[in-house]
Structure formats: C-alpha cells, structure tokens
Amino acid sequence: MKILADENMPYVQQLFGDLGTIETVNGRELTPEQVQEADVLLVRSVTKVNQALLALNNKLKFVGSATIGTDHIDQEYLASRNIPFSNAPGCNATAVGEFAFIAMLELAQRFNSSLKGKVVGIVGAGNTGTAVAKCLEAYGIEVLLNDPLLQQSGDPRCFVSLDTLIAKCDVISLHVPITQQGEHKTWYLFDEARLNTLAENTWLLNCCRGEVIDNRALIKFKQHRDDVKVVLDVWEGEPNPMEELVPYIEFCTPHIAGYSLEGKARGTYMLYQKLAEVLKLSVSKEMDTLLPKLWSEQLSIAEISSERALLQLARFVYDLRDDDELFRKQFLKSQGFDQMRKNHTHRREFSALKVGNTGQTNVNWLSNLGFSGVEL
Ligand SMILES: NC(=O)c1ccc[n+]([C@@H]2O[C@H](COP(=O)([O-])OP(=O)(O)OC[C@H]3O[C@@H](n4cnc5c(N)ncnc54)[C@H](O)[C@@H]3O)[C@@H](O)[C@H]2O)c1
Ligand SMILES: O=C(O)[C@H](O)[C@H](O)COP(=O)(O)O
C-alpha cells in the first residue's frame, strides 16, 4: 500500500509505517502525477483535494486531513467516488485556545493594561472557541459567545448577537469556519462596515481563516483607527499576506495557532484511527507513547501574584514575541511564510508543564487553565 503524506505531519512513520510504504510530499505543491499511485492520501490545510488533484488516481482508499478546517477538501467529489474521508475535529483546539489566551496577555502587557476585568467575545463557539473560553474563565474573565448555528441547535449555553458582542466586548476572538454561502456565511464577516462598528480600544484576534476579515478593508480601517489592536495568525491570500497590512498588526504569526506538538500528534493519530476503521484493522498504537514526557517537573510556584507573573509562566510555554519577530523578517522572502510553518518548533500545551505548588493555595485555578500537577 502506498501512503502519501504531507511532510509537515509528525508521527506518520510511527503510526502508518506498518501499513505500507510512506512517501512524504510538499502539500502546497502536490501534483496529480504524484498522487497517481497512492492508496492513502494524508494532507494538511494547504492541499486542495479535488477532481483536478485526483484525476489520474483510480485506487485511492482513504483521504485524511489532519486539520479541523475542511475548506480545502471537495467532500462532494470524494463522496461521488466513494472515497472515505476524515478530518480531525478538535485535534488542535487546546493549542488555539492557549494561543489566543497568551496573545491577549501579551496585548495587555504591551499596552500597559490588564486582561483581568475585560469582557471577551468569542465568535464561533465550537471546539477552538470553547477552548479559548475555558482558559479565560479559568482566569476569571467574563466571556460572551456568538454562534447562531449552535444557538439554533439548542446548545444550552448563553449566546448573544454579533452586534451585541461587538458593542459589549473589549476583546473579540474569531473562531468560525470559512463559509461562502448561506445566512451565516463567514467570508468577510468582518467587512468594512462591520469593522467600523468596533468600539474604541477593541482588541481583535483572528485565529481561524484569513478571509473572515476583509484584509484590504482592515488596512483602510487601521489607517484611522490606531486605538483598535489586532492579532492575526491567519491571512487573506496565504501564503502571501498583504505587505501593507503587517505594520498595522500587533502580533503576526504564519497560521501556527494550532501548532502544538500535542495538537499535531492528535491530528495524525485521529487519521490513523480512522484509517484502521476503514481498513478494518485493530488500533494497536497509543498516542501517549508518541509524545515526549512532561516537560518539567521542577517548576514550583508559590503563587501567581500578578498578571505579569502569569504572562511569565505563559511565555515559558510559548513566547509569541519570537514568532512575531521572525514573521516580520521572513514573510516577504520567497517561501518565507511556509518555511516558518515548516520549521516551527512545536510548542507544548499547558498540560505538558507540571507545576508544583509550594504551599500557597491560591494557584488551584492554574489546573483549570490546563497545567498539570497543581494541587491544593
Ligand atoms: N489558526 C489555526 O491554526 C487553526 C487551527 C484550528 C482551526 N482553525 C480554523 O478555525 C475554525 C474553527 O475551528 P473549530 O474547531 O472551533 O470548529 P468547530 O466546527 O468546532 O466550531 C466552529 C463554530 O463556528 C460556528 N459558526 C459558523 N458560522 C458562524 C457565524 N457566521 N457566526 C458565528 N458562529 C459561526 C459553528 O456553528 C461552530 O460552532 C476551523 O474551521 C478552521 O478553519 C484554525
Ligand atoms: O484547520 C486547522 O486545523 C488548522 O488551520 C491547521 O492546523 C493549519 O495547519 P496546516 O494544516 O496548514 O499545517
């Protein structure tokens, strides 16, 4: 069996090695000729899987995408050819949640403000939006949710309209899929008109898909609204963000909010489980055996006495400033955006850090935030 896998997918050899021959490929540049002989195709978000890509292949038994988003997959076409497909819902939700939380702490530090006391609005309350809310609520932040689809489906949480969220929130974090049709389409959800409704001093974060914000309109908006601060992990026209936009953005990253080691491993592992199901094989491998051990058992804290101290702890896990600095140096170079993604050192999730409590009792909330080993 020939298994074609994106080169940016960790643990493919360990999980799929027994099942066939693995060939790794540059997902962005994959051609129909390369796919021709594949029995299994494992991709990430940069590969458009459609009729054009699969035109020469008549033996494909499974397509898997180790991602949450599925906008790069023509699922109707796969179904028409009876090719089973699976993505990896939720695989990197914790990574995105922690990324957005850390970015908010960084913004607070940069603008001599405090995240504590702000109201945060989450647009799209699925896996990643809920993961952000979990971090914020653990830290005692008030969160408002907007998700008309979940609201209509009877989700028992409390929801508000997007207009109310914009009016009431100091911080807005976007977590919707990209959709181009229907009543709740998200393409340019934040267009010029909506950007102009943002309250003074709003912080806006986008960790979902670039085209949820009209990036040209954002440039125009920022030219006269310096009070609004923006964090972008995703960009219209990836891998080529608009050059004029970058100077207006507080923290820039190349679509790596979901790039925790755990998140990527979970993505590959979920495809392994799905392929085993499709091929009627038993699942013989455990995900936990793939990951390195807990990161540190040494870190003992008396208490997190201030938001600054919390940021220090967060930076120990992931220092967003490093990626931002590298992004500004690299994004205009040929393949700069993709090289940064390819070479990204996977950060660990909070759960990989075992924090020892040296006796104080007021650090219990850190375990709600996701850290391991915090005890009363
Ligand atoms: N930056 C990254 O690395 C990264 C990582 C993971 C996911 N993503 C992106 O984030 C998206 C969301 O991921 P998820 O796991 O939370 O997906 P999800 O499907 O669990 O949740 C998305 C939610 O958005 C809601 N929604 C859809 N249209 C909406 C609208 N117009 N207004 C408000 N809510 C709306 C849906 O009802 C759903 O509950 C993915 O589709 C993917 O494109 C990016
Ligand atoms: O949809 C997702 O899960 C993310 O956007 C994904 O993690 C992006 O990373 P990529 O698949 O492009 O490596």
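For ligands, and for the atoms within them, numbers begin at 1 and follow the listed sequence. Position 1 is the first residue of the sequence, and the numbers go up from there.
Judged by distance alone, the side chain of R348 and the main-chain N or O of L261 form no donor-acceptor pair under 3.5 Å. The closest donor-acceptor contact from the side chain of S351 to the backbone of G370 lies at 3.5 Å or more, if one exists at all. With R341 contributing its side chain and P254 its backbone, the two residues share a donor-acceptor pair below 3.5 Å.
Atom 5 (C) of ligand 1 has V96 CG2, 3.4 Å as its closest protein atom, hydrogens excluded (heavy atom only). Nearest protein heavy-atom contact of atom 27 (C) of ligand 1 is L149 CD1, 3.2 Å. Closest to atom 3 (O) of ligand 1 among all protein heavy atoms lies G258 N, 3.0 Å. Shortest contact from atom 21 (O) of ligand 1 to any protein heavy atom: G126 CA, 3.2 Å. Taking atom 11 (O) of ligand 2 as the reference point, the nearest protein heavy-atom neighbour is S45 N, 2.8 Å. Of the protein's non-hydrogen atoms, the one nearest atom 7 (O) of ligand 2 is N92 ND2, 3.0 Å. Among protein heavy atoms, atom 24 (O) of ligand 1 sits closest to P177 CD, 3.4 Å. The nearest heavy-atom contact from the protein to atom 12 (C) of ligand 1 is H175 O, 3.5 Å.
One finds no salt bridge joining K118 and E142 here, because no Lys/Arg side-chain nitrogen approaches an Asp/Glu carboxylate oxygen to under 4.0 Å. Here D227 pairs with R225 in a salt bridge; the nearest charged N to carboxylate O distance falls below 4.0 Å. Classification of R266 and E349 as a salt-bridged pair holds, one side-chain N sitting under 4.0 Å from a carboxylate O. Remark: K285 engages D18 in a salt bridge, criterion side-chain N to carboxylate O under 4.0 Å.
Geometrically, ligand 2 and R44 share a nitrogen or oxygen pair separated by less than 3.5 Å. Looking at ligand 1, you'll find an N or O of T128 within less than 3.5 Å of one of its N or O atoms. Considering backbone and side-chain N/O atoms, T186 never comes within less than 3.5 Å of an N/O atom of ligand 1. An N or O contact shorter than 3.5 Å links C207 to ligand 1 by distance. Ligand 2 has an N or O atom lying under 3.5 Å from an N or O atom of I68, backbone or side chain.
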Subject >> Candidate pair L310 and L105, rule side chain to side chain contact (heavy atoms under 4.5 Å, CB included), full reasoning >> reply: CA-CA 8 Å; L310 175 61; L105 291 174; 4.0 Å; yes
Subject >> Check against ring-ring contact (aromatic ring centres under 6.0 Å, His included), W235 and F327 >> reply: CA-CA 12 Å; W235 306 79; F327 182 99; 5.1 Å; yes
**OP:** Decide yes or no on side chain to side chain contact (heavy atoms under 4.5 Å, CB included) for D214 and E236, but give the supporting numbers first.
**Re:** CA-CA 8 Å; D214 177 345; E236 190 173 345; 4.2 Å; yes
Original post:
Given the rule in the side chain to side chain contact (heavy atoms under 4.5 Å, CB included) test, do K2 and E37 qualify, once you have shown the distances and angles that lead to the verdict?
Top reply: CA-CA 7 Å; K2 181 168 175 182; E37 295 302 322; 4.2 Å; yes
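Each of the following atoms of ligand 1 lies closer than 4.0 Å to a heavy atom of N146: 32 (N), 33 (C), 34 (N). For ligand 2, the atoms sitting less than 4.0 Å from at least one non-hydrogen atom of H255 are 4 (C), 5 (O), 8 (C), numbered in the order shown with element in parentheses. With ligand atoms numbered from 1 in the order given, ligand 1 contributes 1 (N), 2 (C), 3 (O) to contacts under 4.0 Å with heavy atoms of H255. Counting atoms of ligand 1 from 1 in the listed order, those under 4.0 Å from a heavy atom of D233 are 1 (N), 2 (C), 3 (O).
For atom 19 (O) of ligand 1, the protein comes within 4.0 Å by no heavy atom at all.
For the pair K116 and Y139, the distance from NZ or CZ to the six-membered ring centre is under 6.0 Å and the angle to the ring normal is within 45 degrees.
Judged by the shortest distance from any of its heavy atoms, G69 lies inside the 4.0 Å radius around the atoms of ligand 2. Within the 4.0 Å heavy-atom shell around ligand 1 one does not find A93. Note on ligand 2: N8 sits outside its first shell, no heavy atom being nearer than 4.0 Å. At least one heavy atom of R341 sits less than 4.0 Å from an atom of ligand 2. Put simply, part of R209 is less than 4.0 Å from ligand 2, judged by heavy atoms.
Remark: among candidates C208, G263, S260, the nearest residue to atom 10 (O) of ligand 1 is C208, based on non-hydrogen atoms. The residue among T67, L150, I68 with a heavy atom at the shortest distance from atom 13 (O) of ligand 1 is I68. Between atom 34 (N) of ligand 1 and the options N92, V176, D71, the minimum heavy-atom separation is to V176. Comparing heavy-atom distances from atom 32 (N) of ligand 1 across G124, G267, P148, G182 singles out P148 as nearest. For atom 30 (C) of ligand 1, the nearest non-hydrogen atom from the set Q152, H184, R209, Q151 belongs to H184.
Under 4.0 angstrom from ligand 1, the non-hydrogen atoms of D147 come from both its backbone and its side chain. At a heavy-atom distance under 4.0 Å, no atom of I256 approaches ligand 2.
Hydrophobic clustering (side-chain heavy atoms under 4.5 Å, transitive across Ile, Leu, Val, Met, Phe, Trp, Tyr) keeps Y77 apart from L42.
Checking each of D324, D319, D323 against R321 for a side-chain hydrogen bond (donor to acceptor under 3.5 Å, both in side chains) leaves exactly one that passes, namely D319.
Checked against the 6.0 Å centroid threshold, F371 and F350 count as a close aromatic pair.
Contact between V120 and M104 at its shortest, heavy atoms only, is CG1-CE, 4.0 Å.
No side-chain heavy atom of D39 sits less than 4.5 Å from a side-chain heavy atom of F62.
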